[in-house]
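A short write-up of the structure that comes next.
For clarity, every value in this text was computed on a predicted model and none was experimentally measured. As the structure lists them, so they are numbered: ligands from 1, and atoms in each ligand from 1. All heavy atoms count here, side chains included; hydrogens, waters and symmetry mates do not.
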Amino acid sequence: MTKVIDNLERIQSNIDQAKKRAGVSQAVKIVAVTKQVDVARTKEVLEAGLVHLGENRPEGLHTKQEQIKSGAHWHYIGTLQTRKVKQIINTIDFLHSLDRLSLAEEIEKRAEKPVKCFIQANVSGEESKHGLVYEEVIPFIKQLASYSKIEVVGLMTMAPNTEDEDVIREVFRELKKLQQEVVALQLAYAPCTELSMGMSNDYEIAIEEGATFVRIGTALVG
Ligand SMILES: *Cc1c(COP(=O)(O)O)cnc(C)c1O
């Protein structure tokens with residue numbers, strides 16, 4: 001298994017090159033997706049200097065949190081079942097998968113302080129994907145005005161399952177466009193400055209299109 005630090009060096013160089021290529025200058029944070037690896041490998045991620053960790057199951061999150069007491073920012077990146085909100089909501093720093101009002105309601109009820117949320121959008125409209133379709137995103141965000149425990153920090157999407165880079169790029173571009181529309185609304189509870197997009201196979205394209213958080217698992221820890 002390649003050392004995390006060596007993978008990171010390669011990924012960081014790819015990120016720098018992507019930014020240069022596209023002439024973009026946004027800060028890009030790597031969320032190390034550790035859902036498939038054990039605590040030892042996760043500690044290696046922290047030792048390599050990364051602090052943002054992504055998990056997609058309450059069990060995996062808790063296992064890691066029990067053994068990593070400090071130094072990590074916890075990102076919940078998967079579909080979150082409403083009945084599991086109470087198990088995790090006060091232990092995470094970011095939720096990447098807010099996609100329905102019933103979930104917002106449960107967060108409102110259970111969270112002890114505002115939670116930084118990304119609204120998950122299904123820009124490509126693939127049926128297998130979670131998230132709001134393009135046209136639903138802004139109406140949904142407007143509905144969140146009365147939810148004091150929800151801070152909309154950004155939008156999140158997953159690219160469609162395709163080799164076609166133009167299709168992937170278009171999805172990321174659309175998400176950026178949508179994000180700018182939300183920013184223009186100037187809602188105090190929805191600054192929406194962040195874009196969570198790009199995984200192991202497409203993070204370079206995502207960065208070229210404006211990603212500020214890339215969620216990388218396999219290429220970093222796999
Ligand atoms: C697993 C996962 C990732 C990381 O995927 P890789 O292809 O391993 O980089 C990113 N985002 C979400 C939502 C995931 O579930």
Q) Taking only residues two or more places apart in sequence, or in another chain, which ones meet Phe172 in a ring-ring contact (aromatic ring centres under 6.0 Å, His included)? A) none

**Q.** Contact residues of ligand 1 (heavy atom under 4.0 Å), by chain and number
**A.** Val33, Lys35, Ile77, Met156, Met158, Met199, Ser200, Arg215, Ile216, Gly217, Thr218

**Q.** Side-chain heavy atoms of Ile168 within contact of Asn201, under 4.5 Å
**A.** no

Q. Are Val182 and Ile119 close enough that some pair of their side-chain heavy atoms sits under 4.5 Å apart?
A. no

Q) Would you call Glu47 and Lys43 a salt bridge, taking side-chain N to carboxylate O under 4.0 Å as the test? A) no

Q. Which pairs with one or both residues in residues 186-200 pass side chain to side chain donor-acceptor pair (under 3.5 Å), sequence neighbours excluded?
A. His96-Ser196, Glu194-Thr212, Ser196-Arg215

Q | Pairs flagged by salt bridge (Lys or Arg N to Asp or Glu O under 4.0 Å) wherever residues 170-184 is involved - sequence neighbours left out | A | Arg173-Glu209, Glu174-Lys177

